[in-house]
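Everything below concerns the one structure shown next.
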Amino acid sequence: MTLFYELRKHGKLAAKRNPMYDKNRFGKYAMYAMAAFWAGYLIFFGTTFAFAFDTNSMEPYHIMNSGLIFVLALDFILRFPLQKTPTQEVKPYLLLPVKRNTVIDFLLIRSGLSSYNFFWLFLFVPFAIITLPKFFGIWGVITYCTGIWLLMVSNNYWFLLCRTLIGERLWWICLPVLVYGGIAAGLLIPDKSPIGDFFINLGEGYIKGNLLAFVGTLVAIIILWFINRKMMAGLVYDELNKVEDTKVNASEYKFFEKYGEVGEYMRLELKMLLRNKVCKNSLRMVIIVVVAFSLILGFTDIYDGTGMKNFITVYNFAIFGILFLLQIMSYEGNYIDGLMSRKESIYSLLRAKYMLYSIGILLPLILSIPAMVMGKIEVLTAFSWAIFTIGFIYFCLFQMAVYNTKTVPLNVKLAGRQNTGTGLQNLISFATFGIPLLLYAVLKMTIGETATAWMLLAIGLVFILTSRFWLKNVYDRFMKRRYKNMEGFRDSRQQ
């Protein structure tokens with residue numbers, strides 16, 4: 001236990017000594033405010049469900065428990081954009097008499113005790129306080145909320161297992177698809193779902209303090225723990241010993257040669273995305289999520305509300321840029337000295353990035369065709385969001401090239417330093433979704449939906465047509481800070 005405390009202490013000290021620590025404070029406070037907002041949102045829903053589910057046919061907690069599987073599925077999906085694979089810098093501790101599995105155990109404990117696993121209690125605690133005391137007293141509230149937390153911890157390890165496997169081999173996406181496909185079949189095909197009955201009984205077991213319900217959940221957590229532990233031990237060993245995948249795409253992307261120096265940097269960017277482990281994993285994750293959201297939006301009525309349709313549309317178009325441009329120059333921090341040795345190479349690199357990610361917007365645009373054919377999204381709306389993303393949203397994200405000073409490793413996923421985003425990056429990430437949606441809502445109420453789409457299209461075109469000017473401005477500001485940025489990249493570079 002002392003070792004775990006020391007590892008946690010070292011992690012905190014490493015965060016405080018990071019060059020970006022002082023810059024993160026404002027962003028962290030903004031993130032706390034955002035978390036408080038969503039906590040209030042969940043409290044509101046928990047209270048509302050407590051009264052809305054109060055019917056004569058079933059008790060409110062029975063109805064809530066029958067839907068636990070949907071909460072767990074939603075929690076699993078939300079973890080993809082919100083939760084990263086946990087990391088721990090292992091190499092320094094292996095020089096000491098510390099077992100590698102001990103460090104991995106600490107990594108898994110930290111993941112299980114993450115504050116994210118407590119967040120759903122903002123929904124369940126007010127619901128339990130209103131509905132349970134009259135039948136089971138305060139003790140029923142405590143045991144029920146404890147059981148829900150254990151379910152979220154087990155879901156955390158299940159997600160960690162799936163995400164790590166998918167990061168290594170894309171075909172592992174079949175695992176969660178088969179599991180949730182089987183659950184959907186179990187819910188929809190039989191007249192009386194055994195899955196719904198199972199979760200009703202499990203939730204009631206938590207409420208009554210049934211030992212079997214808690215032991216069963218703990219057994220599931222332990223099994224998932226050991227599977228993750230075994231798998232991570234092998235992956236950490238490969239990373240520490242530099243065991244690389246020998247299957248390399250031999251394509252040289254020669255069609256970029258006709259674009260001169262900018263084409264060379266487009267080729268460099270494409271190779272970085274497709275050949276490095278961290279970049280490939282991120283690219284796979286975002287493609288999977290975008291394809292899933294596009295299919296759900298196009299062929300189901302789950303997200304037919306105007307707000308959710310707009311959110312998914314903005315998410316699909318902006319997520320590629322947010323994932324890679326939010327950390328712009330951070331991947332290049334691994335070889336920034338070579339880039340700085342050539343005059344204006346950074347300007348050519350910025351132009352190449354802008355052109356490549358602008359072309360990449362075609363993928364979500366093509367995937368939105370089923371939704372346009374089904375009448376879920378207007379053609380003008382889809383094109384206006386695509387142009388607005390390339391223009392205004394990319395303009396905002398490219399400003400991070402001036403302020404990012406932390407190197408992100410290209411191939412180390414588990415055995416590296418904790419790679420949490422900076423406060424400014426997190427703030428920009430949320431603003432990238434929030435501001436466009438707020439602007440759309442205000443304009444729609446003011447001038448109507450069609451005029452709003454044309455307005456977004458015009459704003460995007462203005463920034464696209466002036467891209468050379470603001471990219472040159474970003475380059476000039478970066479060069480004024482180049483020595484400070486290079487120092488930060490060197491200090492945070494993985495050895």
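Sequential numbering from 1 along the given sequence is applied to the chain's residues.
By the side chain to side chain donor-acceptor pair (under 3.5 Å) test, Ser348 is found to be paired with Glu261, residues two or more places apart in sequence or in another chain being considered. Trp149 meets the ring pair (Phe, Tyr, Trp, His ring centres under 6.0 Å) test with Phe118; sequence neighbours excluded.
Leu283 is listed as a side-chain neighbour of Phe320, based on a closest heavy-atom distance under 4.5 Å. For the pair Ile328 and Leu325, the minimum side-chain heavy-atom distance is below 4.5 Å. Between Arg275 and Lys280, the closest side-chain pair of non-hydrogen atoms is not below 4.5 Å. In this structure the side chain of Leu349 reaches within 4.5 angstrom of the side chain of Met329, judged on heavy atoms. A 4.5 Å side-chain heavy-atom check between Trp158 and Leu175 finds at least one atom pair inside the cut-off. Annotation: side chain of Leu268 is in contact with side chain of Tyr335 (closest heavy-atom distance under 4.5 Å). Within the 4.5 Å cutoff, side-chain heavy atoms of Pro370 are placed close to those of Phe299. Using a 4.5 Å heavy-atom cutoff, the side chains of Thr405 and Lys484 are not in contact.
Phe159 and Phe76 have perpendicular rings, their planes meeting at more than 60° on a 0 to 90° scale where under 30° would count as parallel. Ring geometry for Phe53 versus Phe127: interplanar angle over 60°, hence perpendicular rather than tilted (30 to 60°).
Electrostatic pairing of Lys480 and Asp476 does not count as a salt bridge here, judged by no charged N lying under 4.0 Å from a carboxylate O. Looking at Lys309 and Glu378, no side-chain N of the basic residue comes within less than 4.0 Å of a carboxylate O on the acidic one, giving no salt bridge. Between Glu264 and Arg267, at least one side-chain nitrogen of the basic residue sits less than 4.0 Å from a carboxylate oxygen of the acidic one, meeting the salt-bridge criterion.
Within the structure, ring pair (Phe, Tyr, Trp, His ring centres under 6.0 Å) contacts touching residues 360-385 (residues at least two apart or in different chains) are Trp385-Phe388, Trp385-Tyr440. Each ring pair (Phe, Tyr, Trp, His ring centres under 6.0 Å) pair with one or both residues in residues 355-377, not counting sequence neighbours, would appear here, but there are none. Residue pairs meeting the salt bridge (Lys or Arg N to Asp or Glu O under 4.0 Å) criterion with at least one partner in residues 386-405, sequence neighbours excluded, are absent.
When atom types are taken as modelled, the side chain of Asn156 and the backbone of Arg79 share no donor-acceptor pair closer than 3.5 angstrom. For the pair Thr389 (side chain) and Ala318 (backbone), a donor-acceptor distance under 3.5 Å is absent. Under a 3.5 Å cut-off, the side chain of Asn485 and the backbone N or O of Tyr403 do not form any donor-acceptor pair. Listed for the Asn276 side chain is a donor-acceptor partner under 3.5 Å among the backbone atoms of Met272. Between the side chain of Ser154 and the main chain of Leu151, a donor-acceptor pair closer than 3.5 Å is present. Side chain of Ser384 to backbone of Thr381: a donor-acceptor contact under 3.5 angstrom is found. Using modelled atom types, one side-chain atom of Arg481 and one backbone atom of Val402 make a donor-acceptor pair closer than 3.5 Å. In this structure, the side chain of Thr452 engages the main chain of Lys444 through a donor-acceptor pair within 3.5 Å.
Residues Phe119 and Phe122 bring their aromatic ring centres within 6.0 Å.
Nearest heavy-atom pair, Met372 versus Leu365, reported as atom, atom and distance to 0.1 Å: CE-O, 4.0 Å. Nearest heavy atoms, Gly112 versus Asn117: O-ND2, 2.8 Å. Contact between Ile195 and Gly182 at its shortest, heavy atoms only, is CD1-O, 4.5 Å. For the residue pair Ala352 and Tyr265, the shortest heavy atom distance occurs at CB-CB, 3.5 Å. Considering all non-hydrogen atoms of both residues, Cys279 and Tyr331 come closest at SG-CE2, 4.0 Å.
Sparse packing is recorded around CE of Met455, with 12 or fewer heavy atoms of other residues, nucleotides or ligands lying under 6.0 Å away. Applying the 6.0 Å contact sphere to CZ of Arg477 captures more than 12 heavy atoms from other residues, nucleotides or ligands.
The line from OH of Tyr116 to CE of Met152 is 9.0 Å long, rounded to the nearest 0.5 Å. The line from CG of Leu297 to CG of Leu367 is 11.0 Å long, rounded to the nearest 0.5 Å. Atoms CH2 and CG, on Trp120 and Asn155 in that order, are 10.0 Å from each other to the nearest 0.5 Å. Once rounded to the nearest 0.5 Å, the distance linking CH2 of Trp454 with CG of Leu461 reads 9.5 Å. For the atom pair CD1 (Ile287) and CD1 (Ile173), the distance works out to 11.5 Å, reported to the nearest 0.5 Å. Separation of atoms CD1 (Ile227) and CG (Leu161) is listed at 6.0 Å; rounding is to 0.5 Å.
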Let me check something: any side-chain donor-acceptor pairs from residues 34-42 under 3.5 Å, sequence neighbours excluded? List them with distances.
none

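Looking only at atom types and distance, the side chain of Ser294 has a donor-acceptor partner in the side chain of Asn316 under 3.5 Å away.
Trp470 pairs in a ring-ring contact (aromatic ring centres under 6.0 Å, His included) with only one of the listed residues (Tyr394, Phe463, Tyr354), which is Tyr354.
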